[in-house]
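Worth knowing before you read on, the calculation uses all heavy atoms, side chains too, and leaves out hydrogens, waters and symmetry mates. Protein chains get the first letters and strands the later ones, always in sequence-line order, with residue 1 at the start of each.
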There are 2 protein chains.
Amino acid sequence: MIIPSRKPPPATPQTAAVVSILALKSHCTSCTMRELCLPVGLDRDALRQLDELVTTRVRLKKGETLYRPGDAFSALYALRLGSCKTTVLAEDGREQVAGYHMLGDVIGMDGIGAGYHGSQAVALEDSEYCVLPFDELENLGRSIAPLQHNLHQFLSREISRNHSLMLQLGSMRAEERLAAFLVNLSQRYRERGYSSIEFVLRMTREEIGSYLGLKLETVSRLFSRFQQEGLIQVQGRSVILLDVSALKQLLGQRC
Amino acid sequence: MIIPSRKPPPATPQTAAVVSILALKSHCTSCTMRELCLPVGLDRDALRQLDELVTTRVRLKKGETLYRPGDAFSALYALRLGSCKTTVLAEDGREQVAGYHMLGDVIGMDGIGAGYHGSQAVALEDSEYCVLPFDELENLGRSIAPLQHNLHQFLSREISRNHSLMLQLGSMRAEERLAAFLVNLSQRYRERGYSSIEFVLRMTREEIGSYLGLKLETVSRLFSRFQQEGLIQVQGRSVILLDVSALKQLLGQRC
DNA sequence: CGACTAGTTGAGGCCAGTCAATGTTGGTGG
DNA sequence: CCACCAACATTGACTGGCCTCAACTAGTCG
């Protein structure tokens, strides 16, 4: 609620150096992520106008940064390929993962309010982003009501997502948090047409721990225990969910 | 990240019963909270149009509910008088406070994405809310760019606020969390023209604990300790901050 | 191959939770 | 106005879940 967001304007250098800008047009019209992304439900005419707006893509290698705290906010980014994490930093340098993002996710939304980013986005693997210049997006939203509404929905869902995470961090035990994490990943992979029971984690134990407010050793121990109990099969970053309903029960959720 | 937001539509009864609807026009034009609230920076003409939209207010007594999880989403609410908390519920009934809100705050934003509320808003004292019908607000936003932008900023700031809270919940120790809580309240009281060093808490120890992911006994002990250390003076819900900079240092510090 | 990063596992400690007893406050009705 | 009660708050003693520290293994890459 406090610290990182109200910082004075950019002290940090802009991060354009590490990214490759592609002047290719990235047609929403033909994008496979269209129905998961901001253009969801738009008609052909609206899609064409949105295409006009998305003139650049950014490509990041694993570990590279899309934006940092303090960078001027100018655009939202739609994740087109690969995956990334967003992290927030405390004043003393402590860092916490605030989200893991995959295809169709829109990131950077925390920058609108302050005019500069309060968080950081780092690629977990080689990845690609459509740049949505925010001024133009607002302009276009004023003429295309469904686009405007989609934007509002994306902003709102980010809030809901954060609420769930806050609930996990504030009132769940370690094993419940990890179960929630796995079930959530599972659902999102399914939505994107991937296997919901077998996937490869893109992040380290430490990053998972950071996201869940746990230490890496705790995460590791829990993976081992879940495996022992027959809930999952885990081998490094490869995970197979053997008993999804048991995992869901762990969080108090009825399937 | 998971549980409460993706529920099926309303099972819960609508909450209109407990609230008093006032058909009074609540003029943004003359509202003292104007510069903290959604109309911030709007010109006279825009203000007048916004006035047209805000046709009703809701008045709640302490403990009454503005909306519940599952209630159909139709409007945002601008807090005009008093204060309230918003809470999120896990499936097993566990409840966690997600935010404390005061004059000028806009609440209900988590409902846009799903079409129904995922959280609950409960009055901490007798309070009053301007009802902002969301469809109409979107419409108006399409003709008044600054209003549209303000809405986006409010949505975005809610995200930033959540990020800070996540950071607290995930990586701070109990004393740091409470210090952060007090400093944050202090800042918000100042912004609203109240004393930033002397105020009365509107919530119980248990509610503070719920917000910070702590138990009420822990909160109580910390208040006592802070007092012993000369950081604050506390008497029930009355708090005086004696050493704000020491409190701020507590959040920056890694022990 | 060595250096490095990531992951696993064990031992022990500490912070915050739990349980319990007691004190305080504020609202209500006699 | 005061007595009463219930809700809220404080404090102590003890427990336990997660953290810390540490040793070791597995996999990767120059």
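Of the candidates C/dG17, D/dC18, D/dT10, D/dC18 carries the atom nearest the A/R173 side chain, counting heavy atoms from C-beta on. The nucleotide whose nearest atom lies closest to any side-chain atom of B/K215 is, among D/dT10, D/dC21, C/dT18, C/dT18. With C/dA16, D/dT10, C/dG10 as the candidates, the nucleotide lying closest to the side chain of A/R221 is C/dG10. Side-chain proximity of B/T204 to D/dC18, D/dC8, D/dT10: nearest is D/dC8. Of the candidate nucleotides D/dT20, C/dC15, D/dT10, D/dT20 has the atom lying nearest to any side-chain atom of A/E217.
The phosphate of C/dT9 has OP1 or OP2 within less than 4.0 Å of a side-chain N or O from A/S224. The side chain of A/T218 contributes an N or O atom lying less than 4.0 Å from OP1 or OP2 of D/dC19. Residue B/R205 has a polar side-chain atom (N or O) positioned under 4.0 Å from OP1 or OP2 of D/dT10.
Considering only heavy atoms from C-beta on, A/M172 stays 4.5 Å or farther from B/Q96 through its side chain.
Annotation: side chain to side chain donor-acceptor pair (under 3.5 Å) contacts involving residues 233-243 of chain A, sequence neighbours excluded, comprise A/D243-A/S245.
Atoms CG (B/L216) and P (C/dG17) sit 10 Å apart, rounded to a whole Å. Atom CE in B/M172 sits about 17 Å away from atom C1' in C/dC15, given to the nearest Å. Distance CD (B/E206) to P (C/dT25): 20 Å, rounded to an integer number of Å. Atoms CG (A/L222) and C1' (C/dT8) sit 13 Å apart, rounded to a whole Å. Atom CD of A/E175 and atom C1' of D/dG16 are 14 Å apart (whole Å). Protein atom CG of B/L169 is 13 Å distant from nucleotide atom P of C/dA16, rounded to whole Å. Distance A/R94 CZ to D/dC19 P: 14 Å, rounded to the nearest Å. Rounding to whole angstrom units, CZ of residue A/R225 and P of D/dG17 are separated by 9 Å.
Nearest-nucleotide positions on DNA chain C for B/G213 and B/K62 put B/G213 closer to the 5' end.
Using modelled atom types, one finds a donor on one side chain and an acceptor on the other under 3.5 Å when comparing B/T86 with B/H101. In the model, B/S127 has a side-chain atom that pairs as donor or acceptor with a side-chain atom of B/Y129 under 3.5 Å.
Relative ring orientation between A/Y189 and A/Y194 is described as perpendicular, the plane-to-plane angle rising above 60° on a 0-90° scale split at 30° and 60°.
Across residues 228-239 of chain A, A/R237 each have a non-hydrogen atom less than 4.0 Å from an atom of DNA chain C (numbered order).
Aromatic ring centres of B/F181 and B/Y211: separated by under 6.0 Å.
Ion pairing between B/R225 and B/E229 holds under the 4.0 Å rule for side-chain N and carboxylate O.
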